[in-house]
**Student:** 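Following this message is one structure expressed as structure tokens.
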Amino acid sequence: MSKKVRVRFAPSPTGGLHLGGVRTVLYNYLFAKQNGGDFIVRIEDTDQTRFVEGAEEYIFNTLEWCGLTPDESPKHGGPHAPYRQSERKESYRKYAEELVAKGLAYYAFDTAEDLDAKRKEIANFQYGHSTRISMKNSLTLSDTEFKNLIDANTPYVIRVKLEPHQEIKFTDLIRGEVHFDTTQVDDKVLLKADGMPTYHLAVVVDDYAMQISHAFRGEEWLPSAPVHIFLWDKLFGLENMPQWAHLPLILKPDGNGKLSKRDGDRLGFPVFAMDWKDPRTNEQATGFKERGFLPEAFTNMLAMLGWNSGSEQELFSLEELIEKFSLERVHKGGAKFDFEKAKWFNHEWIKKSTIYDVRSTIYNLFKEHNILVDDESKFEKVFELVKDRCVLLNDFVQQAGYFFQTPTNIDITALQPKWDDKKKSFFTALIQQWNNDFAGDATQLEQQFKALSETQQIKAGELMLPLRVMLVGGKFGPGVFEIASIIGKEETIKRIENTIAMLA
RNA sequence: GGAGCGUUGGUCAAGGGGUUAAGACACCUCCCUUUCACGGAGGAAUCACGGGUUCGAUUCCCGUACGCUCUACCA
């Protein structure tokens with residue numbers, strides 16, 4: 001009888017959520033939904049010195065933007081509340097004490113200075129089976145010494161005590177069987193001097209309390225896994241332990257190593273899902289959202305960074321991902337992040353999108369740039385006309401803005417060199433022609449234009465680019481006559497007149 | 001230093017004892033387009049190295065090298 005699938009994402013609220021974090025959420029979410037399970041978000045705020053104001057709210061905003069709604073969390077509630085470890089502080093101590101009572105953990109009174117000194121004295125110092133006998137702890141102190149320290153309220157921590165030369169192994173859902181020799185594992189601190197648990201104690205206690213069935217986390221946790229396995233074995237039984245899956249890391253695009261916020265700054269791409277301003281340093285980091293990414297594209301791109309369906313399909317909606325995702329197809333090795341490919345995903349999703357998907361986002365964007373959408377049906381037409389040219393949502397400002405606003409920045413240098421009286425007289429005649437009879441339809445406008453160029457004896461080809469620059473301000477955009485047709489007679493003539501004046 | 005994990009084109013990757021070793025991004029060339037895109041056609045890999053096993057290894061085994069992660073009273 002297998003238990004209900006319950007997974008958790010357990011971030012610590014120390015800053016913006018970056019690519020690796022969101023991908024971990026995604027994989028958790030996909031796995032839970034695929035198996036009709038629950039997706040829990042638990043806040044691991046056991047380190048009070050690293051707590052950052054606003055970080056937790058930011059995490060939930062990010063999840064909402066991505067469409068990855070938790071079933072249980074401090075925000076959404078649930079049967080295992082509270083979901084913040086700081087609020088569960090009382091629940092951890094007894095397990096640490098239980099281990100001490102069983103001789104599997106001990107009190108240690110060494111100060112930070114003591115430890116620093118040791119580390120300086122002994123190269124590669126580890127608090128473990130070979131060194132703990134020379135430290136200040138309940139293993140080495142006499143009963144009365146110990147009692148005196150406790151009575152004097154001396155700060156202490158509780159550390160696990162692992163016997164050397166034991167094998168600890170477990171089956172990782174991605175990597176298969178992984179082995180460790182306890183001789184190499186140090187006596188990790190379980191309970192800190194302030195009474196808070198460390199991550200190592202808190203994960204197992206909470207995963208047990210919340211009946212987590214599968215635990216996904218970054219590969220950086222693999223080396224401490226034996227401690228967690230040990231704790232599970234002694235505290236709750238291996239049969240109750242969640243199945244582990246250690247996810248590959250997301251690496252820097254250049255060189256090697258884990259992707260960091262610094263790389264984004266350096267290489268000019270976002271690393272966080274959304275804008276994040278660190279309240280302590282006032283440092284600002286831009287996010288994928290603000291950079292113009294669609295959440296569908298963002299999650300699609302992230303899913304493919306470490307997983308592949310085995311088919312040639314690359315574009316997946318969240319629903320398709322839920323259906324197709326499988327841990328067996330998650331890679332073991334890390335992947336370098338490629339912003340160009342990320343943009344490609346976004347471009348594809350914009351091409352797939354309809355006006356209804358993105359209208360409000362683009363409206364807001366336009367508002368920031370003082371672009372006023374006067375006509376809804378015109379906006380729809382424009383959207384269909386230019387969306388193939390937009391890689392990021394923000395590109396709509398340039399690609400669609402001139403339909404609603406007379407361009408102020410005319411790239412005059414693009415036509416100046418070849419501008420002459422012949423062209424000037426053509427456009428003057430064109431103004432007259434269109435003033436009298438402006439055929440509203442694009443192909444008819446083109447016919448009028450070409451007919452005029454023939455009577456004026458100028459090649460139409462030499463006039464297309466000037467017209468384009470006059471209407472849109474630069475060398476881009478869809479067909480010129482489409483544009484003229486949409487912006488209409490008055491505006492078309494006005495823009496031609498304006499530019500002629502500028503060229504005079 | 002130690003432990004753990006990893007290694008298929010520049011990047012993401014499929015594949016898996018016998019194949020012309022998929023596909024995508026990027027890049028280059030060409031076509032389409034009197035703009036920019038879209039779209040279409042083409043171009044690149046002795047599968048890290050060395051030993052085995054085998055009729056045959058990119059694929060299995062063992063080493064080596066390289067890379068990454070961890071080695072905190074941080075997660």
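Letters go in sequence order (proteins before strands), and every chain restarts at 1.
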**Student:** How do A/Arg329 and A/Phe180 order along RNA chain B: which one's closest nucleotide is nearer the 5' end?
**Tutor:**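 Looking at RNA chain B, the more 5' nearest nucleotide goes with A/Phe180.
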**Student:** Would A/Thr455 and A/Leu452 count as a side-chain contact (heavy atoms from CB on, under 4.5 Å) if you check the C-alpha gap in whole Å, the side-chain angles of each, and the deciding distance to 0.1 Å?
**Tutor:** CA-CA 5 Å; A/Thr455 54; A/Leu452 187 64; 3.9 Å; yes
**Student:** Syn or anti: how is B/C60 classified when any glycosidic angle within 90° of 0 counts as syn?
**Tutor:**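 Judged by the O4'-C1' to base torsion, B/C60 sits in anti, the angle falling more than 90° away from 0.
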**Student:** Could you go through the ring pair (Phe, Tyr, Trp, His ring centres under 6.0 Å) check for A/Phe379 and A/Phe396 one step at a time?
**Tutor:** CA-CA 11 Å; A/Phe379 180 61; A/Phe396 278 99; 8.0 Å; no
**Student:** For atom C1', what is the distance between B/C12 and B/C47, given to the nearest Å?
**Tutor:** 16 Å
**Student:** Please state the C1' separation for the pair B/U58 and B/U46 - nearest whole angstrom.
**Tutor:** 11 Å
**Student:** Which whole number of Å gives the distance between the C1' atom of B/U8 and that of B/A44?
**Tutor:**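 One C1' to the other, the span is 14 Å.
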**Student:** Near A/Phe125 CZ, under 6.0 Å, is it more than 12 heavy atoms from other residues, nucleotides or ligands?
**Tutor:**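 For A/Phe125, atom CZ is crowded (more than 12 foreign heavy atoms under 6.0 Å).
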**Student:** Would you say A/Lys343 reaches B/A26's phosphate, i.e. side-chain N/O to OP1/OP2 under 4.0 Å?
**Tutor:** no
**Student:** Could you check how far CZ of A/Phe345 sits from P of B/U11, rounded to whole Å?
**Tutor:** 17 Å
**Student:** Regarding A/Arg175 and A/His246, is there a side-chain donor-to-acceptor distance under 3.5 Å anywhere?
**Tutor:**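 Per modelled atom types, A/Arg175 and A/His246 side chains form no pair under 3.5 Å.
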**Student:** 5'-most contact on RNA chain B: A/Asp194 or A/Ala335, nearest heavy atom basis?
**Tutor:**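 Final value for this comparison: A/Ala335.
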**Student:** Between B/A13 and B/A21, how many Å separate the two C1' atoms, rounded to a whole number?
**Tutor:**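 So the two C1' atoms sit 12 Å from each other.
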**Student:** Which pairs, protein N/O on one side and nucleotides 27-34 of chain B N/O on the other, fall under 3.5 Å?
**Tutor:**
| residue | atom | partner | partner atom | Å |
| --- | --- | --- | --- | --- |
| B/U34 | N3 | A/Gly461 | N | 3.4 |
| B/U34 | O4 | A/Gly461 | N | 3.2 |

**Student:** By the 4.0 Å heavy-atom rule, please label A/Gly479 as base, sugar-phosphate, or nothing.
**Tutor:** base
**Student:** Looking at A/His331, I'd like to know whether one of its side-chain N or O atoms comes within less than 4.0 Å of OP1 or OP2 on B/A14.
**Tutor:** yes
**Student:** Rounded to whole Å, please give me the gap between NZ in A/Lys336 and P in B/C12.
**Tutor:** 6 Å
**Student:** Heavy atoms only, 4.0 Å cut-off, all strands: where does A/His347 land among base, sugar-phosphate and nothing?
**Tutor:** sugar-phosphate
**Student:** Considering only atom P, compute the distance from B/U7 to B/A48 and round it to an integer number of Å.
**Tutor:**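 The answer is 9 Å between these two P atoms.
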**Student:** Rounding to the closest angstrom, what is the interatomic distance between B/G43 and B/G9 at atom C1'?
**Tutor:**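 That atom pair is separated by 13 Å.
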**Student:** Please state whether the base of B/A24 and the side chain of A/Lys341 form at least one donor-acceptor pair under 3.5 Å?
**Tutor:**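 Between B/A24 and A/Lys341, which were checked side chain against base, a qualifying N/O pair under 3.5 Å is present.
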**Student:** Say whether A/His165 and A/Glu163, considering side chains only, have a donor N or O and an acceptor N or O under 3.5 Å apart.
**Tutor:** no
**Student:** Quick one: label A/Gly477 by what it contacts on the DNA or RNA (base, sugar-phosphate, nothing), any heavy atom closer than 4.0 Å.
**Tutor:** base
**Student:** If you look at every strand shown and take non-hydrogen atoms under 4.0 Å, does A/Asn124 touch a base, only sugar-phosphate, or nothing?
**Tutor:**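 Result for A/Asn124 = base.
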**Student:** Is it the case that the side chains of A/Asp110 and A/Tyr156 hold a donor-acceptor pair, with the cut-off being a distance below 3.5 Å and no angle test?
**Tutor:**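 No, no side-chain donor-acceptor pair sits under 3.5 Å.
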**Student:** Take atom CZ of A/Arg119 and atom C1' of B/G1, then tell me their distance rounded to the nearest Å.
**Tutor:** 16 Å
**Student:** Describe the nucleic acid contact of A/Val178 in one word from base, sugar-phosphate, nothing, applying a heavy-atom distance below 4.0 Å.
**Tutor:** sugar-phosphate
**Student:** B/C27 and B/G18: how far apart are their P atoms, nearest whole angstrom?
**Tutor:** 36 Å
**Student:** At 4.0 Å (heavy atoms only), tell me whether A/His246 reaches a base, stays on the sugar-phosphate, or touches nothing.
**Tutor:** nothing
**Student:** Measuring centre to centre across the rings, with the benzene-like ring taken for any Trp, is A/Trp232 within less than 6.0 Å of A/Phe170?
**Tutor:**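 No, ring centres 6.0 Å or more apart.
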**Student:** Expressed as a whole number of angstroms, how long is the span from A/Phe316:CZ to B/G23:C1'?
**Tutor:**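 So the two atoms are 12 Å apart, to the nearest Å.
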**Student:** With sugar-phosphate meaning primed atoms plus P, OP1 and OP2, does A/Thr46 contact a base, only sugar-phosphate, or nothing at under 4.0 Å between heavy atoms?
**Tutor:**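 Result for A/Thr46 = sugar-phosphate.
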**Student:** Taking the six-membered ring of A/Trp349 as reference, does the NZ or CZ atom of A/Lys352 fall below 6.0 Å from its centre and within a 45° cone about the axis?
**Tutor:**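 The answer is yes; both the distance and angle limits are met.
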**Student:** Regarding A/Arg159 and the six-membered ring of A/Tyr127, is the cationic atom NZ or CZ under 6.0 Å from the ring centre and inside 45° of its axis?
**Tutor:** yes
**Student:** So, does A/Lys351 get its side chain near the phosphate of B/A37, meaning an N or O under 4.0 Å from OP1 or OP2?
**Tutor:** no
**Student:** Quick one: closest heavy-atom pair of A/Ile229 and A/Trp244, and the distance?
**Tutor:** CD1-NE1, 3.6 Å
**Student:** Looking at residues at least two apart in the chain, or sitting in another chain, which of them share a ring pair (Phe, Tyr, Trp, His ring centres under 6.0 Å) with A/Phe337?
**Tutor:** A/Phe269
**Student:** Excluding sequence neighbours, so at least two apart, what forms ring pair (Phe, Tyr, Trp, His ring centres under 6.0 Å) with A/Tyr92?
**Tutor:**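 In terms of ring pair (Phe, Tyr, Trp, His ring centres under 6.0 Å), with neighbours along the sequence ignored, A/Tyr92 is linked to no residue.
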**Student:** Looking at B/U69, I'd like to know if its phosphate oxygens (OP1 or OP2) sit under 4.0 Å from a side-chain N or O belonging to A/Lys332.
**Tutor:** no
**Student:** Using the rule given for side-chain contact (heavy atoms from CB on, under 4.5 Å), can you reason through A/Phe383 versus A/Cys390, listing the C-alpha separation, both sets of side-chain angles and the distance that settles it, and then say yes or no?
**Tutor:** CA-CA 10 Å; A/Phe383 175 75; A/Cys390 298; over 6 Å; no
**Student:** With rounding to whole Å, what would you report as the distance between B/A37 and B/U71 at their P atoms?
**Tutor:** 48 Å
**Student:** Reading 5' to 3' and counting Watson-Crick or G-U wobble pairs with both distances under 3.5 Å, write the dot-bracket notation for RNA chain B, | for bases paired outside the strand.
**Tutor:** (((((((..(((.....[....))).(((((.......)))))....(((((..]....))))))))))))....
**Student:** For A/Phe339 and A/Leu267, run side-chain contact (heavy atoms from CB on, under 4.5 Å): C-alpha distance rounded to whole Å, both residues' side-chain angles, the deciding distance at 0.1 Å, then the answer.
**Tutor:** CA-CA 9 Å; A/Phe339 189 52; A/Leu267 274 8; over 6 Å; no
**Student:** Can you sort out which residues in residues 379-402 of chain A have a heavy atom within less than 4.0 Å of RNA chain B? Ascending by number, please.
**Tutor:** A/Asp388, A/Arg389
**Student:** Taking A/Thr62 for the side chain and A/Ala273 for the main chain, is one N or O donor matched with an acceptor at less than 3.5 Å?
**Tutor:** no
**Student:** Assess whether atom NZ of A/Lys475 is packed by more than 12 heavy atoms of other residues, nucleotides or ligands within 6.0 Å.
**Tutor:**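 No, not enclosed.
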**Student:** When you measure from every atom of RNA chain B, which of residues 156-175 of chain A have a heavy atom less than 4.0 Å away?
**Tutor:**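 Going residue by residue through residues 156-175 of chain A, the ones with a heavy atom under 4.0 Å of RNA chain B turn out to be A/Val157, A/Arg159, A/Arg175.
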